[in-house]
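Every heavy atom of this structure was used, including side-chain atoms; hydrogens, water molecules and symmetry mates were not. Counting starts at 1 for both ligands and their atoms, following the listed order.
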Amino acid sequence: MSTAAARACANIALVKYWGKRDPDLNLPAAGSLSLTLAALTTSARVTFDDALDRDELVLGGAPADEPARARLSRWLDIVRDRAAERRFARVDSRNDFPTASGLASSASAFAALALAATRAAGLVLEPGELSVIARRGSGSAARSIFGGFAEMDPGTRADGADARAWVLDHATDWPLCMVIAVVGGGVAKSIGSRDAMDHCAATSPLYRGWIESVPHDLAAARRAIEGRDLAALGVVTEASALAMHAAAIASRPAVLYWQPPTLACLTAVRRLRDAGTEAYATMDAGPHVKVLAHAADADRIAAELAAVAGVSDVLVSGIGGGAELLA
Ligand code: PMV
């Protein structure tokens, strides 16, 4: 039996990843740039064990459903191939944030799993290689290997060995926060990001324009980060999210993640800005609204968002570090 455990933080893309150049290898069509969040983490333990006759997955203390188990098992094959490991694994993964909220956890989960599974299989890999392995589980997970601002390079190689993230800036001197308005309650789970982006690429007349806009947004975001300019970073953050959602909404049939409280939160963020608070919104493959701001403004923004009808919870996070091994 050999075992290892690791923890990784979630990340929120400021310049979004939405579209693949190779769906099988999960290779992105364009780059992306994210902020790692300290308050949203996944801890995962992986144990390769001779006694198992198939991979086992426990999520938050309960056995996972078969599609999740099978997805993990296919991903573990990548680690097994790399390490010449023949044994099946027992995997125990838990989030320290409410999973029921529907907040994406695949980024923190596959980043933690990449570190834990490779170590349990006897491999010691540098972060760039871990990022490549994490990407095979979930594109956004490639960025969660790193803390601070991470940038994902789409790479050009057919095998994806250069499609990896790196730390753009640890930003330990820049007190930013992300305030997350959880929009919830009783709405059927919408289409997952993986299927949605493929559908968008295949059917949305706006998809090509979206992909073409990404390099410009990345350059603007890098400049803003280098200059510690929240207003400039915020403008590109909101624009990237809205362009991604515009392309998704124009898919046929539409991929529409927004609910009425989503739009109400966007309006609240504009109101805050009009009143002088630097606050900028982004949304992912779900109805929640995440607001980038100065840490000093977190309480004011959280109070404003909590007052929006349909917001069930508000979480606040500072900037997180990279994936790390646990004892
Ligand atoms: O990596 P995935 O399949 O979870 O896709 C992530 C897609 C978005 O969250 C919408 C954008 C992003 O860059 O994280």
Arg143 to ligand 1: N or O pair under 3.5 Å?
-> yes

Atoms of ligand 1 close to Ser106 [distance to a heavy atom under 4.0 angstrom, numbered from 1] | 4 (O)

Pairs satisfying ring-ring contact (aromatic ring centres under 6.0 Å, His included), at least one member in residues 32-84, at least two apart = Trp75-Phe110

Within 6.0 Å of CZ in Arg252, more than 12 heavy atoms from elsewhere = no

Run the numbers for me: atoms of ligand 1, each under 4.0 Å from some heavy atom of Ala13, listed by number.
-> 12 (C), 13 (O), 14 (O)

Is the closest heavy atom of Ser138 to ligand 1 under 4.0 Å?
-> yes

Would you check the N or O atoms of Lys20, main chain and side chain alike, for any that come under 3.5 Å of an N or O of ligand 1?
-> no

Hey, is Met197 one of the residues with a heavy atom under 4.0 angstrom from ligand 1?
-> yes

Roughly how far, to the nearest 0.5 Å, is the CZ atom of Arg164 from the CD atom of Glu129?
-> 9.0 Å

Side chain to side chain donor-acceptor pair (under 3.5 Å) filter on Ser32, not counting sequence neighbours, yields Arg143

Sub-3.5 Å N/O-N/O distance, Ser32 and ligand 1 | no

How long is the gap from CE on Met283 to SG on Cys265, to the nearest 0.5 Å?
-> 10.0 Å

